[in-house]
Amino acid sequence: MNPLVDEFLGGKSGLLVAMGPTGSGKTHTVFGTARNPGLVPLTLQKIFTAADESEGGNQSPRLFYLSMFEILCEGKGERILDLLSDAAELVLQQSATIKGLKEVAISSAMDAESLVSRGMLKRSTAATDANSESSRSQCIITIRAVHKTVDQQSEHQISGSVLTIADLAGAERKKNTGNKGSRLLESNFINNTSMVFGLCLRALLDHQKNQKKTLEKHFKNSMLTRYLKDYLEGRKKMTLILNVKPGEDDYADTSYLLRQASPYMKIRYTSLDESSDLVSQKRTNVSLVCQENKKKRKVNKPEPEVVTAEEKELQRVSRSEQIMKNLFNALWTVSKQKISESEVAAKSMRELLKDKDIEILELKKELDDLKSRWSHVKQNDAASIAISSVSQTDLASDAALDNFHLSTELVQKISEECTYSDPEMSSAYCDMTEKSADCDTSVANLIDEQELSSRYLKKEACTPDVTEPKCDLKKENTEIMGQVGNKESDGSESSEQTSAPDGGVTHAPSHLDDPSELSYTELRIVPCNLSAQFTDIQVSDKAPMEQSKEELSSNTEVESIQHDVDIKEMKQHDYQSSSQQLNCDAGDVSSNQPFLELQGMGAAHQNPDEPVPEPEICEHTVKEAAAEHAHGRHLPDEGLPQTKASIAPTKDCQAEGTADDQKENICQEEANEDICASKPRENTKKTSSRRRLLPVASMMLKEFTGPAIDAADTKRAMDGGGAKTLSGEQVAAGRSDALIRLLKAKSPPMRHRRG
Ligand SMILES: Nc1ncnc2c1ncn2[C@@H]1O[C@H](COP(=O)(O)OP(=O)(O)OP(=O)(O)O)[C@@H](O)[C@H]1O
């Protein structure tokens, strides 16, 4: 305590705090007894002894004031109680001063000790299991020294140092104290105050170890620590006295206190002198010097504040300008980037449009080519396609199907590309795709029917043609080949009809040196023709009404072809039945010969002396074959050739004559006559192998307009006799005239015939 007293007398404030568990002798150490005075009496004695010595040495007189109060628990709060007065309430101010606290001037040690003794009588104590007179509050005694200066006019008191002595209530353990009720609340308050005091010291130590670490303001959590703020923040000197018990049972508390407080020895103090006067001014608030100083501070403060405000305003404005400038730069940068990106996008779009224009031009050019092809193909008669060489029908059908698919793909490609370039084409493309599927089905049906017909006609080509007329077909075929060659070279329409040597009209097949080439060429045109129509419909930019017309035309054409094929098949059956019936009724051996040969007995029945099969068998077989063919079934190889040998010419005739009923009837009539007159020949096999289909109209026109018609009529007249000859000439003449008129009329294309 002596160092604190010396510094106090030297004008420096100081604090002495007694710490330790309850019953450890803190109160006894601070206050003592009459026989064993404590720190407070000894300090008072020393102060006044020193004061007396200073006055004797002509030093300025000093006055000492003593105050004594306690901080105790009140419910869940705290309150300050003045121990030297009966003041009702004391208020701890922000400046660590206590408003209303009585300070008693002391002039001697004896007076001071009397005051302290009276104050101790008012202190709150209570008996606990640990201490019969346990302190229930924090007791604080302050001694303020005031230097007294005497000038000529007035006496000024100069505030001096303050010496503070605190007797803290010791931390309590419930099991040791046995406190209950209000005592227990006091224990909590005491322990909490002790804990906060320790935290403040710990925070000060940590702050002094690391200046960057913020000093925690734990002092706010307790009234005691708020009052001792300057000490707990290291601005004034503080001394700690640790009280411990010597008993073995107190070892834990003693050990804990020593370990807790030993680091506090490293705490250092700064700014001890500056705060002493300020504290004195706040406490006394009577010194004129201090008041003048405070006024000077208040007067001097506004000037820098005005300047600071202006500077702050200027800084704020300049900062706002800088922010706006940065914002403008950022917006400008972003805008430039967006503009550049837009320019690049526009450039790419222009290039894309240019490419699309080129593609559209190419597609238009391709479309024009297709149209030209279609117009060229359109000149050919669709009927010539249907009656072309059936021996190549399978190959041609495959090629036609391939070409049709190629054309369909091309149409789809063109349509898709047109769809990208023109949104209106998208919907048209969808419609045309469906129509293309319908046309695909129609063409497939047509090809199937062509395959069926070719299969029948192949039978005829591979088997001996016993239904060939007796005339020399080899010579006749040579003439026909020349005619067809002329027609092909002229590119005009031709018909597959020829006249029999006896003047009857026979549906003879065409005979070409390379018939497969013609057939293949003609049959290839079919899908291309149809595809060209589809292409024309799908890709054209015409009005919807025109497109619908073209679609109707294409559909009508396909339906016309199918209808023609159906009619041909129906005619085949009729002709087959009638011809077989005629052969059977006449009992002509030669009419039955083909049947016998096709039954595997052809070689045996070359001899006419051999027995002839029964007519019932022939009739039955022909009917059965006709019935199977009418149901669209594939006939057995053994039974079909005979039927097909007679069917083939009929198909050729009907292919050309479907539109013209009169012409058709003539063809059928002539075919029946031809079949009835047909007889076995030695060179039948050779001739049948060379049988080819020729355009009927061409052949008929040649036969009936050339010299061959006269020869045929003459031969017919020579073969017949009497009235029969006259009748034959008249019939031939009338028939020739009718056919000439019909053929010269140049029948329109197949699709337009029906209308
Ligand atoms: N050094 C000592 N010599 C003789 N008696 C002592 C000494 N220290 C303490 N005592 C006695 O011990 C008892 C408890 O002491 P004291 O009241 O001072 O403890 P305390 O630490 O203040 O307890 P609390 O914190 O409860 O107030 C007292 O009766 C006191 O007379």
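Remember, it's 1-based here, ligands and their atoms both numbered in the order they're listed.
At the shortest separation from atom 19 (O) of ligand 1 among protein heavy atoms lies Gly25 N, 3.0 Å. Protein heavy atom nearest atom 26 (O) of ligand 1, with residue, atom name and distance: Thr22 OG1, 2.6 Å. Scanning the protein for heavy atoms near atom 22 (O) of ligand 1, the closest one is Thr27 OG1, 2.9 Å. Looking at atom 13 (C) of ligand 1, its nearest protein heavy atom turns out to be Asn131 OD1, 4.4 Å. Distance from atom 4 (C) of ligand 1 to its nearest protein heavy atom, with residue and atom name: His28 NE2, 3.8 Å.
Per-atom contact check: atom 11 (C) of ligand 1 does not touch the protein, criterion being a heavy-atom distance below 4.0 Å. Closer than 4.0 Å to atom 1 (N) of ligand 1 lies at least one heavy atom of the protein. Using a 4.0 Å threshold on non-hydrogen atoms, atom 24 (P) of ligand 1 counts as touching the protein. For atom 28 (C) of ligand 1, the nearest protein heavy atom is 4.0 Å or more away.
The aromatic ring centroids of Phe64 and Phe48 lie less than 6.0 Å from each other.
Close approach to Pro21 involves these atoms of ligand 1, each under 4.0 Å from a residue heavy atom: 21 (O).
The shortest N/O to N/O separation between Gly23 and ligand 1 falls below 3.5 Å.
A salt bridge does not link Asp82 to Lys102: none of the charged side-chain nitrogens sits closer than 4.0 Å to a carboxylate oxygen.
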